[in-house]
Every structure is written in C-alpha cells, then in structure tokens.
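The structure appears right after this line, and notes come after that.
Start at 1 and go down the list; that is how both ligands and their atoms are numbered. Just so you know, these numbers come straight off a predicted model, no measurement behind them. Atom set for the values below is all heavy atoms of this structure, side chains included, hydrogens, waters and symmetry mates excluded.
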Amino acid sequence: MTTIAAEPFPFEMDRRAVALLVIDMQRDFIEPGGFGASLGNDVAPLQAIVPTVAALLQAFRRARLPIVHTRECHRPDLSDCPPSKRDRGQPSLRIGDPGPMGRLLVAGEPGAQIVPALAPRPGEPVIDKPGKGAFTRTPLEVVLADAEVRQLVIAGVTTEVCVQTTMREANDRGFDCLLVEDATESYFPEFKRATLEMIRAQGAIVGWTATAAQVMEAIDG
Ligand code: TIU
C-alpha cells in the first residue's frame, strides 16, 4: 500500500488493484467546433488540463499499471441516442449533425477521437459509451474485473457530467475512487468546485480527491 495525502483523508493505494480511468478526453469536448462548443461552451479551460492528463498517463505507463480510456459517442444510426438526450435545449448543432470535425458525437468521426496528445496505446482498452456514466451499456465492469482492478484514479471531462456520473456508478459497484483535481475540468468553474466538495463530503461519500502531483509521487515511488 502507498498512502496518498488525499481529501478528505489519506487514500491507501494498492498497486496490485489500481487503474487510471480517463474519461472522454475527445476532440468533441476539447476543441472548437465540437459538441461542447455547440452547446455554447468555451472549450479553453478543458484544453488546459491536457498536459496534466498526459503526465498522469506517462506515470501509469512507466509503472506498468492498467489504463482504460472512455469515449462518449453514438452509433451512426443514432439508435443508442434517445430523444431524451438528443432533443434538449437550443444547441447550434445536435448529436449526429455534421460539423467541422464530422458528425457530432458519432463513433468513427474525427471529433469522437481522443485528442492526439492523449492517444491510447496498444493494450489500453477504449470503452465507447452512449451515456454519461461509463458503466451504462458498456463492458467496463467486465474489463476491470478481468484486470482485477478495485481502485480507480479518475481524470477527464466534464467534472460534473460524465466524470461525476461515472464515479458514482463505480462507487456503487464497489470501487474506491480518487478524482484527480487538476486533471478534470468543467465548462463551469463553480460546478467543478461544487463537485469536488460533494464527492469528498460526508467522509468521502463518493470518493477522494488529490492533485496529479500527489498521485504521481505515489505511482513513481
Ligand atoms: N456537456 C457536458 O458538460 N458534458 C458532456 O456532455 N459529456 C461529458 O461530460 N463527457
């Protein structure tokens, strides 16, 4: 066990059971012209965490610890995108509409790809997910069980949408989860702050938070 000085109390990391889960670091959320921008958001804050997520990936790769990536995307026929997801609000473009990076949030399109700086390496599973939670209608639970993973270090976007949903799903399935504060970001700074607080409140009701430096020190040690 390696102790990380996390909030709200130290996290005992088990090197035989821990994996890095990187959520939805896709061009559609991080680059101009994608799904996130179509909803009226400024993507610049999300771009800013790419180097920190890259450093985390390098640390886990150096230590030969498991890494899993997710992508939020839909089948080209949108059969896995219900009206409850597609027909919301007044976006400039909807899921499946053609944009500068191809059809928004559709598997195989350029916008659905993970940004080049964080590209998955061979042997790192990539889970395509149709919803916010990475366990919903995906093989993620089986992939983690096969790798004997019981602890998740979580990074990615956006903090209060897909990251928080996935962290709650993971905790309900028996995983201990640590969210990396500076390797996650929201289009809304106040939502990020509130999410970090609600995750670690009530004795880590959902999980822990720590900085990338704290996590990398534990991994490299
Ligand atoms: N809109 C928003 O903040 N997020 C999403 O739609 N998906 C993810 O968080 N990945």
List the closest protein heavy-atom neighbour of atom 5 (C) of ligand 1: residue, atom name, distance to the nearest 0.1 Å.
Phe29 CE2, 3.5 Å
How does Val157 reach ligand 1, if at all, at less than 4.0 Å between non-hydrogen atoms: by side chain, backbone, both, or neither?
backbone
Of all the atoms in ligand 1, which lie at a distance below 4.0 Å from a heavy atom belonging to Phe35?
6 (O)
Carboxylate-amine/guanidinium proximity below 4.0 Å for Glu72 and Lys85:
yes
At a 4.0 Å threshold, what atoms of ligand 1 neighbour a non-hydrogen atom of Cys162?
7 (N), 8 (C), 9 (O), 10 (N)
Report yes if some N/O of Val161 lies less than 3.5 Å from some N/O of ligand 1; otherwise report no.
no
Within residues 196-221 or reaching into it, pairs that qualify as ring pair (Phe, Tyr, Trp, His ring centres under 6.0 Å) - sequence neighbours excluded:
Phe9-Trp208, Phe11-Trp208
Before signing off on this row, confirm whether Tyr187 and ligand 1 have an N or O atom pair separated by under 3.5 Å.
no
When you measure from atom 7 (N) of ligand 1 to every protein heavy atom, which one gives the shortest distance, and what is it?
Glu72 OE1, 2.8 Å
Indicate the atoms forming the closest heavy-atom contact of Ser186 with Thr158, along with that distance.
CA-CB, 4.2 Å
Protein residue, atom and distance nearest to atom 1 (N) of ligand 1, heavy-atom basis
Leu39 CD1, 3.8 Å
Does Asp80 use its side chain to pair, donor to acceptor, with the backbone of Arg75 at less than 3.5 Å?
yes
Salt bridge present between Asp28 and Arg71 (N-O < 4.0 angstrom)
no
For ligand 1, find out whether one of its N or O atoms is nearer than 3.5 Å to an N or O atom of Thr158.
yes
Would you tell me whether Glu185 and Thr159 have side-chain atoms, one donor and one acceptor, within less than 3.5 Å of each other?
no
side-chain hydrogen bond (donor to acceptor under 3.5 Å, both in side chains): which pairs involve residues 142-153, sequence neighbours left out?
Asp14-Arg150
Would you say ligand 1 has an N or O under 3.5 Å from any N or O of Glu160?
no
